[in-house]
Amino acid sequence: KNEVEQSPQNLTAQEGEFITINCSYSVGISALHWLQQHPGGGIVSLFMLSSGKKKHGRLIATINIQEKHSSLHITASHPRDSAVYICAAVGNQFYFGTGTSLTVIP
Amino acid sequence: GAVVSQHPSWVICKSGTSVKIECRSLDFQATTMFWYRQFPKQSLMLMATSNEGSKATYEQGVEKDKFLINHASLTLSTLTVTSAHPEDSSFYICSASYAGMGDGYTFGSGTRLTVV
């Protein structure tokens, strides 16, 4: 069993839809990252969370420490949001989810 | 701020040759660098962690003699794939952290290595 589980694995949405990607973890962590990987491979760190909620533009990330669960939300999705989103937990080592491949159709 | 520049972005090499990948922190001093490998449609796999001026710590199963990591300065870390074989073909990416960054990390843009 992976220490970090993401769902869904693949997601296709129409432009404008509200999107939620979930991440559950089973280890103790000090922080959790949401990463975005574009088709070319480059990775951008979207959020680092240790509690509560963060918002950046159309992206919102939440974390519930007690439930060991985090969500990434995208409001008013756009084709340029198409990417792989990876949840990464920072404990005594890095724990990566397997990623959610998002495709937003115009 | 906190930008890591990774070069080259892609490289094709012949079997048996060595390839060096560089990660350079442009506007901060990277006390710790992490090197990852990613196979197609899989997530990142941490290969090793390096701290400036000391030997890298390799994850289980990663051959330290094959993947040489040097972190000789606070702004530069290199990964050298020695005697490359086709099975070394992969996407390699670095990330860096610095004192005061908490648990935050910044990533390089990655290097796609193809060994023919």
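Letters A, B, ... are given to chains in the order of the sequence lines, protein chains preceding strands, and every chain is numbered from 1.
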Is there a path of hydrophobic side-chain contacts, each under 4.5 Å between heavy atoms, that joins [X] and [Y]?
X: V84(A); Y: L102(A); result: no
X: F47(A); Y: Y85(A); result: yes
X: V11(B); Y: W35(B); result: yes

Is it the backbone or the side chain of I43(A) that comes under 4.5 Å from a heavy atom of chain B, or both, or neither?
->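 Looking at I43(A), backbone and side chain both touch chain B.
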Would you mind checking which part of Q37(A) comes under 4.5 Å of any heavy atom in chain B, side chain (CB onward), backbone (N, CA, C, O), both or neither?
->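 Contact with chain B: side chain only.
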Greater than 12 external heavy atoms within 6.0 Å of [X]'s [atom1]:
X: E67(A); atom1: CD; result: no
X: K53(A); atom1: NZ; result: no
X: Q9(A); atom1: CD; result: no

Are side-chain heavy atoms of F107(B) and L35(A) found at a separation under 4.5 Å?
->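 Contact flag for F107(B)/L35(A) side chains = yes.
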S43(B) side-chain N/O to F96(A) backbone N/O, donor-acceptor pair under 3.5 Å =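 No; judged by distance alone, with no hydrogens or angles, the pair does not exist.
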Using non-hydrogen atoms only, which part of L44(B) is less than 4.5 Å away from chain A: side chain, backbone, both, or neither?
->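 For L44(B), heavy atoms of backbone and side chain both lie under 4.5 Å from chain A.
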Relative to chain A, which segment of Q6(B) carries a heavy atom at a distance below 4.5 Å: side chain, backbone, both, or neither?
->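 For Q6(B), neither part sits under 4.5 Å from chain A.
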Chain B interface, residue from S45(A), A88(A), G97(A), G99(A) that has the most non-hydrogen pairs under 4.5 Å |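 Going by pairs under 4.5 Å, I would pick G97(A).
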